Asks: 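Can you read through this structure? Questions will come right after.
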Protein chains: 2
Amino acid sequence: MADKRTRLTREQVLAAGVELADAVGIDGVTMRKLGQALCVEAMSLYHHVANKEQLLDGMTDLVYTEIQLPQDTDWRTAMQVRAHSLRDTLNRHPWALRLVGSRTSPGDATVRHHDAVLGTLRRAGFPLALAAHAFSVLDAYIYGFAVQEQALPFDSEEAPTELATAILAQFPTNQYPYLAELTARYAEDTGYAYVQEFTFGLDLILDGLERALAVGAPPYTPARE
Amino acid sequence: MADKRTRLTREQVLAAGVELADAVGIDGVTMRKLGQALCVEAMSLYHHVANKEQLLDGMTDLVYTEIQLPQDTDWRTAMQVRAHSLRDTLNRHPWALRLVGSRTSPGDATVRHHDAVLGTLRRAGFPLALAAHAFSVLDAYIYGFAVQEQALPFDSEEAPTELATAILAQFPTNQYPYLAELTARYAEDTGYAYVQEFTFGLDLILDGLERALAVGAPPYTPARE
DNA sequence: CGTTGTAAACTTACGATGTAAGAGTGCGCC
DNA sequence: GGCGCACTCTTACATCGTAAGTTTACAACG
């Protein structure tokens, strides 16, 4: 965690913030603890960030840096790669999701990322309105999926066999029959992986977009373009 | 805000919490202020909730109460009505979204809601796996859309004409050409409403589900059922 | 009626947090 | 050398969640 005697930079502060948040959760990120991680008193940090708000903004933007920009292959696989990269990143820094929901001023990396995605779609022949729609659906889905994944009472990567039954036990079977049915199914299905769930929705959306692109006219938009 | 001399109940506390959060935001909800709103000292609240965690859990579940359960019409319009109701509710209580992402133990209303949605799909003929997939995509989309709506630097309901240009001014046009193009378009299109964006994605997903239902076999699932 | 048990509300207190204000400290440039 | 400035530290305060212990008021009983 940062050697003793170098002058601090804003970048170091933000990076340490990300690292700390990963380790102890976003609520564990306090100015004093962050200072400690950097061998510095809490108040010294205020020469590199205006306040904690801005620290969190910077951390959020730094996370965006990790997301793979879409490459210039066909738009579909480009979107797929980006989607998985975004999901991975959000899983690697679970706290980031809570921040994007409350931050209204996007950082530099954030804007660059959005522009790149939009560009990939436009160059692939998406009319402007459809490109905007596509961006909106895709991002909404990815973020929402990440929210759900975090709300799950188990780690989404491991086989949920016993866990599912534990959850099942929480609510009375007869009162919530459909949930019970579902949980039972997952409990017995040992091969189940949550990635499949993500891929299903993603492909469904990409199919829809492909169809919309083929038809030509983006629906639900005042005719212009 | 609650008359003087009635004994407090847990329900009153939670309702006051929701009201307070709506008024001053979730960070403004402190035990002392909540107590004040109920004409009671902060510590008295601890006789009705174990700690602040549990207060937030209860508030989250109370919000779920407001979401319209799907009626027993055809599944498609049922899902549409529910989707819009969920979005409205999340917009009415913007703080709730941040909570669902961090809460892992669902409340009673939450579970009931999930069961009802699942039930509607099952009764409409969705195989179990497809019903689960459908639930996952839809909820992910709705939550994610709400996240994006909140991250927008403007109120999603009003015409963003001048606002868009203000945003546009933030980042250099030449550096982010596609975003600039998009923002310019929205600035000139006075008839634009953000609901259309929501409806586009929702219909796209519902179309996809309808097709998957027609085909019969849910993709991406180990063959069983 | 007084007595008493108990659930609900209150009082006090503590450690942690974000940060305002101002006082050191050390490095680069004259 | 010494001046200026960028950085850091010290001290202090209001506010937060909540632990511990005390007071209050009402219901049940003699």
Side-chain angles (χ1 to χ4, degrees), chain A residues 1-62 95-96 98-99 102-105, chain B residues 1-62 95-96 98-99 102-105:
Chain A
M1 314 195 176
D3 49 323
K4 296 280 163 188
R5 275 306 83 184
T6 52
R7 294 285 250 247
L8 225 44
T9 68
R10 183 187 157 91
E11 279 66 37
Q12 284 172 49
V13 172
L14 297 182
V18 169
E19 197 176 337
L20 185 57
D22 287 345
V24 301
I26 194 67
D27 291 331
V29 176
T30 70
M31 297 309 267
R32 286 173 234 261
K33 271 193 257 180
L34 182 54
Q36 203 170 1
L38 290 162
C39 303
V40 129
E41 294 306 310
M43 288 311 289
S44 304
L45 301 173
Y46 284 92
H47 270 264
H48 303 99
V49 292
N51 47 39
K52 196 175 181 182
E53 270 293 277
Q54 196 177 102
L55 169 70
L56 298 179
D57 279 344
M59 285 168 55
T60 308
D61 202 51
L62 190 54
W95 46 270
R98 274 177 56 191
L99 293 190
S102 47
R103 240 112 284 281
T104 54
S105 55
Chain B
M1 313 193 177
D3 48 324
K4 298 278 163 190
R5 276 305 80 185
T6 54
R7 293 284 251 248
L8 225 44
T9 68
R10 182 187 158 92
E11 279 67 36
Q12 285 172 49
V13 173
L14 297 183
V18 169
E19 198 177 336
L20 186 57
D22 286 346
V24 301
I26 195 66
D27 290 331
V29 176
T30 71
M31 297 309 267
R32 286 173 234 259
K33 270 193 259 182
L34 182 54
Q36 204 170 358
L38 291 162
C39 302
V40 128
E41 295 304 311
M43 289 309 289
S44 304
L45 300 174
Y46 285 92
H47 272 264
H48 303 99
V49 292
N51 47 38
K52 197 175 181 184
E53 270 291 277
Q54 195 176 101
L55 169 70
L56 298 179
D57 279 343
M59 285 168 55
T60 307
D61 203 51
L62 190 54
W95 47 269
R98 274 177 56 189
L99 293 189
S102 49
R103 241 112 283 283
T104 54
S105 55

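Letters A, B, ... are given to chains in the order of the sequence lines, protein chains preceding strands, and every chain is numbered from 1. Computed from a prediction, not measured in an experiment: that's the story for all the values here.
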Asks: Would you kindly give the CG-to-P distance between D27(B) and dC16(D), to the nearest whole Å?
Replies: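 Spelled out: CG on D27(B) to P on dC16(D) is 11 Å.
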Asks: Below 4.0 angstrom from OP1 or OP2 of dA8(C), is there any side-chain N or O of S44(B)?
Replies: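 No, because none of the side-chain N or O atoms of S44(B) sits under 4.0 Å from OP1 or OP2 of dA8(C).
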Asks: Does anything in residues 20-45 of chain B form a salt bridge (Lys or Arg N to Asp or Glu O under 4.0 Å)? List the pairs, not counting sequence neighbours.
Replies: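 Listed once each, the pairs are D27(B)-R98(B).
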Asks: For the side chain of V40(A), starting at C-beta, report the closest nucleotide among dC10(C), dG17(D), dC9(D).
Replies: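 Looking only at heavy atoms from C-beta outward on V40(A), the closest nucleotide is dC9(D).
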Asks: Identify which nucleotide among dT18(D), dT17(C), dA9(C) has an atom closest to any side-chain atom of R32(B), counting heavy atoms from C-beta outward.
Replies: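 Closest nucleotide to the R32(B) side chain: dT18(D).
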Asks: Can you find a heavy atom in the side chain of L56(B) that is under 4.5 Å from one in the side chain of I26(B)?
Replies: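 Yes. Closest side-chain heavy atoms under 4.5 Å.
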Asks: Using whole Å, report how far CG of L8(B) lies from C1' of dA9(C).
Replies: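 Going from L8(B) (CG) to dA9(C) (C1'), I get 10 Å.
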Asks: Got a list of protein N/O to nucleotides 20-24 of chain C N/O distances below 3.5 Å?
Replies:
none

Asks: Show your reasoning for whether side chain to side chain contact (heavy atoms under 4.5 Å, CB included) applies to M31(A) and L55(A).
Replies: CA-CA 10 Å; M31(A) 297 309 267; L55(A) 169 70; 4.1 Å; yes
Asks: Of the nucleotides dC10(C), dG18(C), dC26(D), which one has an atom closest to the side chain of T30(A)?
Replies: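 Between dC10(C), dG18(C), dC26(D), the one nearest the side chain of T30(A) would be dG18(C).
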Asks: Please tell me if the side chains of L38(B) and L34(B) come closer than 4.5 Å, counting only heavy atoms from C-beta onward.
Replies: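 Result yes, sub-4.5 Å side-chain heavy-atom pair found.
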Asks: With a 4.5 Å heavy-atom cut-off, do R103(A) and E53(A) have their side chains touching?
Replies: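 Yes. Closest side-chain heavy atoms under 4.5 Å.
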Asks: In whole Å, I'd like the distance from the CG atom of L45(B) to the P atom of dA19(D).
Replies: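 Distance, rounded to whole Å: 14 Å.
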Asks: If you only use heavy atoms from C-beta on, which nucleotide in dC10(C), dG17(D), dT19(C) is closest to the side chain of E41(B)?
Replies: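 The answer is dC10(C).
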Asks: What nucleic acid atoms does V49(A) come within less than 4.0 Å of, heavy atoms only: base, sugar-phosphate, or nothing?
Replies: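 V49(A): no heavy atom of the nucleic acid under 4.0 Å.
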Asks: Taking only the side-chain nitrogens and oxygens of H48(A), find out if one of them lies under 4.0 Å from OP1 or OP2 of dA6(D).
Replies: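 H48(A) to dA6(D) OP1/OP2: no side-chain N or O under 4.0 Å.
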Asks: Less than 4.5 Å apart, any side-chain heavy atom of L8(B) and any of L45(B)?
Replies: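 With C-beta onward as the side chain, the pair touches.
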